[in-house]
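Order of the sequence lines sets the chain letters (A, B, ...), proteins ahead of strands, with each chain counted from 1.
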Number of protein chains: 2
Amino acid sequence: MKAAKKKKLEAKGWKVGSAADFLALSPEEAAYIDLKLSLSKRLKEMRTQKKMSQTALAKEIHSSQSRVAKMESGDASVSLDLLIKSLLAVGASNRDLAKAISSGA
Amino acid sequence: MKAAKKKKLEAKGWKVGSAADFLALSPEEAAYIDLKLSLSKRLKEMRTQKKMSQTALAKEIHSSQSRVAKMESGDASVSLDLLIKSLLAVGASNRDLAKAISSGA
DNA sequence: TGACTCCATGTCAAATCTGACATATTATAA
DNA sequence: TTATAATATGTCAGATTTGACATGGAGTCA
């Protein structure tokens, strides 16, 4: 797990559109990254819709502002676990998650 | 994250039907566990459909037989990350994941 | 019976992720 | 401009997860 991490980190720059292409990402890696970006985006949407600051959201999910920022920016250090737990904590249903996921890239 | 872990471990017994009820799980916790169980189930389905052993699957995803077993049994020590990466590695599409997720519980 | 395959479960060092903190950057308002 | 809030980014000790290994149980076949 060394090259994979590097790729994820490099891919982090892509907040727009679907990832990969330039980087030599396998289909699974690309799908994984797109998944994370989709969930990131959804989390930010749900937060702003609720007119909450990152700090407020952080409190609600027992985390910190900086981690929320990383979540929303698609930082490679954030796991799917944390993203999904956060989405659930903010009120997303499993159906919401499914929608966000399948809409990915 | 202490009580949460305990609950997850206790909840592990539930392979059948939707989790929670007896345990004092918050809706998010219940949704999270159901999510994992849905993905576990799907992984096992895809593996058996391909007529692979856990050992063979483990090789394909660069993991071990024991971890595959834990994945499929909904063990609390397995993350969503690993489950999803494995599903992707086995050929699931984002759409497949979405379907598995929304079918949960 | 033994030999073999498959799956389950416990353990643990190494790898990864997390919350918290410091600090920087970017708004927005007065 | 200054001040203030919101967001971004880097770092790191502590917590969690991982692959690997050992081992046990269940089923099959000869």
Which residues share a side chain to side chain donor-acceptor pair (under 3.5 Å) with A:E45, sequence neighbours left out
A:R42
Report the distance from atom NZ of A:K85 to atom C1' of D:dT17, rounded to the nearest whole Å.
11 Å
From the list C:dC7, C:dT18, D:dT9, which nucleotide is the closest neighbour of the side chain of B:Q65?
C:dC7
Identify, with sequence neighbours excluded, every residue that meets side chain to side chain donor-acceptor pair (under 3.5 Å) alongside A:S63.
none
Please name all residues satisfying salt bridge (charged side-chain N to carboxylate O under 4.0 Å, His left out) with B:R67, sequence neighbours left out, ordered by chain then number.
none
Which of these nucleotides, D:dA8, D:dT17, C:dT18, is closest to any side-chain atom of B:S79?
D:dT17
Bend of the helix from C:dT1-D:dA30 to C:dA30-D:dT1 from end-axis comparison, five pairs per end, nearest 10°, comes to 40°
Have a look at B:V78 and say if it touches a base, only the backbone sugar-phosphate, or nothing, with a 4.0 Å heavy-atom cut-off.
sugar-phosphate
Would you find a donor on one side and an acceptor on the other, under 3.5 Å apart, between the side chain of B:D81 and the backbone of A:L80?
yes
Side chain to side chain donor-acceptor pair (under 3.5 Å) between B:S77 and B:D75: does it pass, once the steps are laid out?
CA-CA 5 Å; B:S77 82; B:D75 190 286; 2.9 Å; yes
How many angstroms lie between atom NZ of B:K85 and atom CD1 of B:I61, to the nearest 0.5 angstrom?
11.0 Å
Spacing of NZ belonging to A:K50 relative to CG belonging to A:L57, to within rounding of 0.5 Å
8.0 Å
Minimum-distance nucleotide (side-chain atoms of A:Q54 versus D:dT18, D:dT7, C:dT9)
D:dT7
Distance (rounded to the nearest 0.5 Å) between B:K59 NZ and B:M52 CE
10.0 Å
Short N/O separations, protein against nucleotides 10-14 of chain D, under 3.5 angstrom:
residue	atom	partner	partner atom	Å
D:dG10	N7	A:K70	NZ	3.0
D:dG10	O6	A:K70	NZ	3.3

Using heavy atoms and a sub-4.0 Å distance, could you list which residues of residues 55-64 of chain B are near DNA chain D? By number, please.
B:H62, B:S63, B:S64
Side chain proximity check, B:L87 to B:D96, heavy atoms < 4.5 angstrom:
no
Begin with the C-alpha distance, continue with both residues' side-chain angles, and end with the deciding distance and a verdict on salt bridge (Lys or Arg N to Asp or Glu O under 4.0 Å) for B:K41 and B:E72.
CA-CA 6 Å; B:K41 192 163 144 251; B:E72 292 185 351; over 6 Å; no
Nearest 0.5 Å, please: how far is CD1 in B:I101 from CD1 in A:I101?
3.0 Å
